[in-house]
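Inspection log for the structure reproduced underneath, given as structure tokens.
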2 protein chains.
Amino acid sequence: MGASKSDHFTDEQNELSTLFKALGHPARIAIIQQILETKSCVCGDLVQKFPLSQATISQHLKELKSANIIQGTIEGNSICYCLNPETLNKISSAISIFIEAEKCKGTRCC
Amino acid sequence: MGASKSDHFTDEQNELSTLFKALGHPARIAIIQQILETKSCVCGDLVQKFPLSQATISQHLKELKSANIIQGTIEGNSICYCLNPETLNKISSAISIFIEAEKCKGTRCC
DNA sequence: TTAATATATCGTAATATTGCAATATTGTTT
DNA sequence: AAACAATATTGCAATATTACGATATATTAA
């Protein structure tokens, strides 16, 4: 059968891959960069910046939000999104662990 | 229409998201961890370790390889995979840039 | 060369993601 | 209240991913 997430993996593996997957779309990278670039946390400016519909952008925001990569707070009748440093740190340290482990490997074949 | 990668994004955005996407599956995280854990670079041991068919694992390895996250060298009649530190560093610094940019933001709303 | 072992690829079915128009919701203003 | 603005959700159609059996390819051993 097809593409089922599977529970054959550890919680850590599932959590990590969920984070990476959320970052695995150019629009979502672009959204993150845009949020970082603008001094004030952007919201619907994104719709004007990118060649995507409002519905599509809202969906991408939702995915980033549910992965805890961004968080939004209501401001007037628009919503203000920021990055969540905690989650970024989580990702960062996972990669660091990979890098360290690779360095410490005695036997190398490639 | 549906899910098309789109060329509305910068090369950087596309490259980055491709890397993250490659990490966006628990099996591929598990494979990376397994490669790091075993002293000698593993190969088909993965097939025994995980509840996935040989074809499926080979496919996941291919994706990691084409994203340059791992590299394999032929050793006897098996193949030995290692992580590619360069690519890991690329990912790491991208995340670091996000973290730094977030820190430097004067105006915060959440 | 033949048999055995290890990995890759093909074909296909199941499932997930992406994108958008239309619509609903939520908050603001008048 | 009604009208407006911003964001979210729903319902699809198009496309991509995932998984695996079957088969192909490559290297080693006999």
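Note on naming: letters A, B, ... go to the chains in the order of the sequence lines (proteins, then strands), and numbering restarts at 1 for each one. Every value quoted in this text rests on a predicted model; they were computed, and no experiment measured them.
- Looking only at atom types and distance, the side chain of B:T10 has a donor-acceptor partner in the side chain of B:Q13 under 3.5 Å away.
- The distance between atom CG of B:D45 and atom C1' of C:dT7, rounded to the nearest whole Å, is 13 Å.
- Nucleotide D:dA6 holds its C1' atom 13 Å from the CG atom of A:L46, rounded to whole Å.
- Look at CD1 on A:I57: it is 12 Å from C1' on D:dT7, rounded to the nearest Å.
- Each of B:L23, B:I31, B:N84 was checked for a side chain to side chain contact (heavy atoms under 4.5 Å, CB included) with B:I69, and the lone residue meeting it is B:L23.
- For B:H25 and D:dA16, the NE2 to P distance is 18 Å, given to the nearest whole Å.
- With sequence neighbours excluded, the residues that form a side chain to side chain donor-acceptor pair (under 3.5 Å) with A:T56 are A:S53.
- Side-chain atoms of B:T18 come within 3.5 Å of backbone N or O of B:N14 as a donor-acceptor pair.
- Remark: side-chain polar atoms of A:S92 are not paired, donor with acceptor, to backbone N or O of A:L88 under 3.5 angstrom.
- Side-chain contact between B:Q34 and B:L46: present, with at least one pair of heavy atoms (C-beta onward) separated by less than 4.5 Å.
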Under 3.5 Å, which N/O atoms of the protein pair with N/O atoms of nucleotides 8-12 of chain D?
| from | atom 1 | to | atom 2 | distance (Å) |
| --- | --- | --- | --- | --- |
| D:dA8 | OP1 | A:K65 | NZ | 3.3 |
| D:dA8 | OP1 | A:Y81 | OH | 2.5 |
| D:dA8 | OP2 | A:S58 | OG | 3.1 |
| D:dA8 | N7 | A:Q54 | NE2 | 2.8 |
| D:dA8 | N6 | A:Q54 | OE1 | 2.9 |

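- Taking 4.0 angstrom as the limit, B:H60 places a side-chain polar atom (N or O) nearer than this to OP1 or OP2 of D:dA19.
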Do any N or O atoms of the protein come closer than 3.5 Å to N or O atoms of nucleotides 27-30 of chain D, and which pairs are they?
| from | atom 1 | to | atom 2 | distance (Å) |
| --- | --- | --- | --- | --- |
| D:dT27 | O3' | B:G76 | O | 3.3 |

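- A:R28 contributes no side-chain N or O that, together with a main-chain N or O of A:L64, makes up a donor-acceptor pair within less than 3.5 Å.
- Between the CG atom in A:L61 and the OG atom in A:S66 there is a gap of 11.0 Å [rounded to 0.5 Å].
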